[in-house]
Amino acid sequence: MSSIRYPLILTVCASCSISLVYAADDNTNNSPKPDTAAEITSKVSLVHLGSIDTFTITEQGTLAGRLLLSALDGKDLSYAKKAKEIYETIIPTEHYGGEYTALEWFCDYLLGNEESRQQQLADRYHKSFFEFFSGNDFATLKEYLTRKYKLKKLADSGTEAGRDRIAFLEDFILFNNPRREEWEKTSKIVEALKIQPGTTIADVGCGPGYYTFKFSELVGSSGKVIAIDTVQEHLNYVKSLTTKFDIKNVEPLKDREDSAGVPANSTDMVFMCSLYHIIYTTLTEEVKDRFVNSLKTALKPDGRLVIVDNAVVTQGTLPYHGPHIAKELIIGQLYYYGFDLAEQYQFIPQRYVLVFKKRTDQIANTK
């Protein structure tokens, strides 16, 4: 495939939909082009990045965060109770699927009795999440609240190191949120993928391993999960859990911006969750070409590329304030990289699952 990328022309139709029309077609094949018309039903942008994967900071969210920090600092549970009351009010109206449900989970722990706390920590990965944030008198949770809501200035505030630190902590609390299943319906996503024992999966952008360890249980001892991320701290955490739980089929791998780093023809499934919107909006065409082609090369001939990302949510339907991208943009773009959409699912309004297969002529080119 040529590395030349032609300009994209956006044509707004009378029916209020947007179609993708290319100035030239650099992909000669007989596969029918997908329907890439994205219906516009509100003023919401078809793609929104914001501050990468951060969620909007609001007045009530900041107040709840300050109260939770006061509860941790002063061991005064009345502050935790007030914080929980705020979260109960703002979760349905502000950030459904954001960090609030994780912070409310901590409030419930502080306010709970011994039995309820044991229930919260019954899942070993939830317990590990708790231990990560609660060690040394909740030092890391206190740090997160302070950085996220700018409750006081830290020594590295405004520096690259400070920005990297809050990005890591925010990813961690969002991705490994013990209540993620409640809003994302993760189990339905995993079930739809019909993962079999012996499968090799590349979890690209694995973060602290939320999906990695779910896949690990499904592929079994004869399979493998390659946990791939650019952030070493995430990989260190994944590695620590493989050691802690004696997990043999997970292999952490640090990738580059322009390559997943997976050997050619080695994986049955490449999985990316909450990542493609970043690839689409931030990478240069040359870097994006190399990265996407590295995914295509890594896949076996019958392998699948699975993209889970955030949908455009009609205003008034759901209070989702995170980054998003219309699925039609991904489907249309990947067509020109040699991928055809094979299946798609959507179990909640703000998240879709796209399953792609390599086109026949592209398989020949990657052998």
Side-chain angles (χ1 to χ4, degrees), residues 52-54 99 102 123-135 139-141 143-144 147 156 160-178 180 186 190 195 199-219 221 223-263 266-279 282-283 287 290-292 294-295 297-298 305-309:
I52 307 296
D53 279 329
T54 192
E99 75 273 20
D123 181 291
R124 65 180 183 176
Y125 296 111
H126 293 176
K127 185 176 182 181
S128 295
F129 172 89
F130 175 80
E131 291 170 346
F132 176 86
F133 281 103
S134 66
T140 305
L141 181 57
E143 178 193 357
Y144 170 77
R147 289 183 183 275
D156 61 359
E160 183 176 357
R163 289 189 291 270
D164 288 346
R165 178 62 177 171
I166 185 55
F168 163 67
L169 292 176
E170 185 160 49
D171 280 352
F172 198 108
I173 204 165
L174 287 171
F175 296 168
N176 279 23
N177 179 353
R180 182 168 171 174
T186 309
V190 173
I195 296 168
T199 300
T200 297
I201 300 174
D203 184 4
V204 181
C206 65
Y210 180 75
Y211 274 100
T212 297
F213 293 107
K214 296 181 186 302
F215 294 155
S216 170
E217 294 176 0
L218 293 172
V219 303
S221 59
K224 181 169 71 171
V225 181
I226 308 171
I228 304 170
D229 209 283
T230 58
V231 179
Q232 188 62 49
E233 288 86 350
H234 285 318
L235 298 178
N236 291 344
Y237 181 76
V238 170
K239 180 63 176 176
S240 73
L241 292 191
T242 63
T243 301
K244 180 179 181 179
F245 299 131
D246 194 29
I247 297 171
K248 305 294 188 183
N249 64 352
V250 170
E251 175 189 325
L253 175 66
K254 189 172 184 179
D255 64 349
R256 305 192 313 268
E257 185 183 52
D258 66 345
S259 175
V262 182
S266 64
T267 61
D268 300 293
M269 186 175 88
V270 171
F271 179 87
M272 293 192 295
C273 183
S274 295
L275 178 60
Y276 204 86
H277 62 266
I278 297 174
I279 295 168
T282 68
L283 299 188
V287 172
R290 293 196 295 271
F291 181 81
V292 176
S294 78
L295 304 180
T297 300
L305 170 61
V306 178
I307 294 179
V308 181
D309 221 306

**Student:** Does any part of the side chain of Phe291, heavy atoms only, come nearer than 4.5 Å to the side chain of Val204, both counted from C-beta?
**Tutor:** yes

**Student:** Do the side chain of Asp268 and the main chain of Thr200 share a donor and acceptor less than 3.5 angstrom apart?
**Tutor:** yes

**Student:** Working to the nearest 0.5 angstrom, can you tell me the gap between Lys239 NZ and Gln232 CD?
**Tutor:** 11.5 Å

**Student:** Indicate yes or no: at least one non-hydrogen side-chain atom of Pro252 is less than 4.5 angstrom from one of Asp229.
**Tutor:** no

**Student:** Sequence neighbours left out, what passes ring pair (Phe, Tyr, Trp, His ring centres under 6.0 Å) with Tyr210? Give chain and number order.
**Tutor:** none

**Student:** Going by heavy atoms in the side chains, are Ile195 and Val219 under 4.5 Å from each other?
**Tutor:** yes

**Student:** For Phe213 together with Phe245, are the ring centres under 6.0 Å from each other?
**Tutor:** no

**Student:** I'd like to check the side-chain contact (heavy atoms from CB on, under 4.5 Å) partners of Arg163; sequence neighbours left out, ordered by chain and number.
**Tutor:** Glu160

**Student:** For the atom pair NE2 (His234) and CG (Asn236), what is the distance rounded to the nearest 0.5 Å?
**Tutor:** 10.5 Å

**Student:** Under 3.5 Å, is there a donor-acceptor pair linking the side chains of Asp203 and Thr212?
**Tutor:** yes

**Student:** Is it the case that Lys214 and Thr186 place a side-chain donor and acceptor less than 3.5 Å from each other?
**Tutor:** no

**Student:** Distance from Phe168 atom CZ to Arg147 atom CZ, nearest 0.5 Å?
**Tutor:** 11.5 Å

**Student:** Decide yes or no for Phe133 and Phe129: does some side-chain heavy atom of the first lie under 4.5 Å from some side-chain heavy atom of the second?
**Tutor:** yes

**Student:** In Å, rounded to the nearest 0.5 Å, how long is the span from CZ of Phe271 to CZ of Phe215?
**Tutor:** 4.0 Å

**Student:** Less than 4.5 Å apart, any side-chain heavy atom of Phe172 and any of Tyr144?
**Tutor:** no

**Student:** Considering non-hydrogen atoms only, spot the tightest contact between Ser216 and Val225 and give its length.
**Tutor:** N-CG2, 3.7 Å

**Student:** Once you round to the nearest 0.5 Å, how far does OG of Ser259 lie from CZ of Arg290?
**Tutor:** 9.5 Å

**Student:** Would you check if Glu99 and Leu169 make a side-chain contact, meaning some heavy-atom pair closer than 4.5 Å?
**Tutor:** no

**Student:** A side-chain contact here means heavy atoms from C-beta on lying under 4.5 Å apart; do Phe132 and Asn176 qualify?
**Tutor:** no

**Student:** Kindly determine whether Cys206 and Ile226 satisfy side-chain contact (heavy atoms from CB on, under 4.5 Å), including the steps that lead there.
**Tutor:** CA-CA 9 Å; Cys206 65; Ile226 308 171; over 6 Å; no

**Student:** For a 4.5 angstrom cut-off between non-hydrogen side-chain atoms, does Tyr276 reach Val292?
**Tutor:** yes

**Student:** Taking side-chain contact (heavy atoms from CB on, under 4.5 Å) as the test, write out the residues that go with Glu251, two or more places apart.
**Tutor:** Lys224

**Student:** Provide the closest heavy-atom pair for Val262 versus Ala202 in the form atom of the first, atom of the second, distance.
**Tutor:** CG2-CB, 4.2 Å

**Student:** Checking Ser240 side chain against Tyr237 main chain: does a donor-acceptor pair fall under 3.5 Å?
**Tutor:** yes

**Student:** Side chain of Ser294, backbone of Ala260: donor and acceptor closer than 3.5 Å?
**Tutor:** yes

**Student:** If you look at every heavy atom in Ile247 and Arg124, which pair is closest and at what distance?
**Tutor:** CD1-NH2, 4.1 Å

**Student:** In Å, rounded to the nearest 0.5 Å, how long is the span from CE of Met269 to OG1 of Thr267?
**Tutor:** 9.5 Å

**Student:** Please report the shortest heavy-atom distance between Leu253 and Gly261, naming the atom on each side.
**Tutor:** CD2-O, 3.5 Å

**Student:** What heavy-atom pair brings Phe175 and Gly207 nearest, and what distance separates the two atoms?
**Tutor:** CD1-CA, 4.2 Å

